[in-house]
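Following: one structure in structure tokens, then a few remarks.
Excluded from the calculations below are hydrogen atoms, water molecules and symmetry mates; all remaining heavy atoms, backbone and side chain alike, are included. Letters A, B, ... mirror the listed sequences (proteins, then strands); counts begin at 1. In this text the structure is predicted, and so the values were computed from the model without any measurement.
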Protein chains: 2
Amino acid sequence: METEDGTRSAGGDVGVTTGARGDLFSPDCPTRLLLDRLGTKWTSMVVKVLARDGELRFTELRRRTPGVSQKMLSATLQSLVLDGLAARRVEDTVPPRVHYRLTELGLSLEEPLAALREWAEEHMPAIRDHRAAAGA
Amino acid sequence: METEDGTRSAGGDVGVTTGARGDLFSPDCPTRLLLDRLGTKWTSMVVKVLARDGELRFTELRRRTPGVSQKMLSATLQSLVLDGLAARRVEDTVPPRVHYRLTELGLSLEEPLAALREWAEEHMPAIRDHRAAAGA
DNA sequence: CCGAATCCTGACGGATACTG
DNA sequence: CAGTATCCGTCAGGATTCGG
């Protein structure tokens, strides 16, 4: 649970207008918030898997995300659902089956994310080269 | 320190090399490595400032990156230089003046990064909305 | 099968003080 | 001015255990 919130956003937008958009580095900066999420280890992977494979059950999703623990997958999915990037669907059976899928919002995130992936795959060798040359 | 010998990446017949490209989640995955860097708090900000303002001195750069400490700015710049994303130029005077600028590689990163910013600025309100509705 | 709760660690990162 | 070094708090996140 996050200790930091600050703005209670009761009225929605009080003084956020100037800092939130454009080129500001305030805690309201949407880019910062987004990178915070993408920076968490599994978010981008889960988004990618869901974008590719569509709706998946919890265990199935876990099997396709090598290395993830139940805890982190659960936490990641909760964050995604909370942000409206993913949707959770429960079949009320015994045992229950829980499915996850990306929402429209989540799918739209895939575009810039894919651009970032392309850049990474293209230029990472150059970066490794630089690191090696610098004596890393 | 990771002494990774990436020299035999061209082979690609068997072994570890399979995971490096495409859609794998191995530690070799370039997207993961890139997101690890962008996930660090100040990297994206510094890249953005340097992309916009061009070459800057240390203190000047610090002034334009509100909230950053000397330590973190220094560490961030070292990482960027090490990765070949930024270049360091020293005027050998007293006191010394150190300038930083983005390399071609660093500038090329700005494109996908800008795409991510656009997405963030456009869709972040929707995310905040979802969070509020979910009872965050 | 799907998760929540707990313990523990290592890394990120802020504040401060010191050097050249 | 441009860092480096140290102390310290916080938190992601892995392993494990428990519940429904």
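C:dG3 atom P lies 15 Å from atom CG of A:L82, rounded to whole Å. One can place CD of B:E60 at 14 Å from P of D:dG3, the figure rounded to the nearest angstrom. Protein atom CG of A:D92 is 12 Å distant from nucleotide atom C1' of D:dG20, rounded to whole Å. Note: CG (A:D36) to C1' (D:dT10) measures 14 Å, nearest angstrom. As rounded to whole Å, 17 Å separates atom P of D:dA12 from atom CG of B:L35.
The side-chain contact (heavy atoms from CB on, under 4.5 Å) search around A:M124 returns A:I127, B:P30, B:L33, B:L34, not counting sequence neighbours. For B:Q70, there are no side-chain hydrogen bond (donor to acceptor under 3.5 Å, both in side chains) partners, not counting sequence neighbours.
For A:F58, the side-chain atoms get nearest to C:dG3 when compared with the rest of C:dG3, D:dA2, D:dG3. With C:dA4, C:dC1, D:dC1 as the choices, the nucleotide that has an atom nearest any side-chain atom of B:T59 turns out to be D:dC1. Here the side chain of A:Q78 is nearest to one of C:dA4, C:dG3, D:dG3, namely C:dA4.
No engagement by A:R62 is indicated, since no non-hydrogen atom pair under 4.0 Å with the nucleic acid exists.
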With B for base contact, S for sugar-phosphate-only contact and - for none (protein heavy atoms under 4.0 Å), nucleotides 13-20 of chain C reads BBBB----
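No side-chain donor-acceptor contact under 3.5 Å links B:T43 to the backbone of B:L38. Between the A:T40 side chain and the A:W42 main chain, no donor and acceptor come within less than 3.5 Å of each other.
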For the pair B:L56 and B:R64, evaluate side chain to side chain contact (heavy atoms under 4.5 Å, CB included) and give the outcome as yes or no after the intermediate values.
-> CA-CA 10 Å; B:L56 288 175; B:R64 305 193 189 194; 3.9 Å; yes
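At least one side-chain nitrogen or oxygen of B:S74 sits closer than 4.0 Å to the OP1 or OP2 atom of D:dT4. For D:dA2, neither phosphate oxygen OP1 nor OP2 lies less than 4.0 angstrom from any side-chain nitrogen or oxygen of B:R97.
Few gaps surround CD on B:E60; more than 12 heavy atoms of other groups in view lie less than 6.0 Å from it.
Look at A:R117 and A:E110 and you find a salt bridge, because one of the NZ, NE, NH1 or NH2 atoms lies within 4.0 Å of a carboxylate O, short of that distance.
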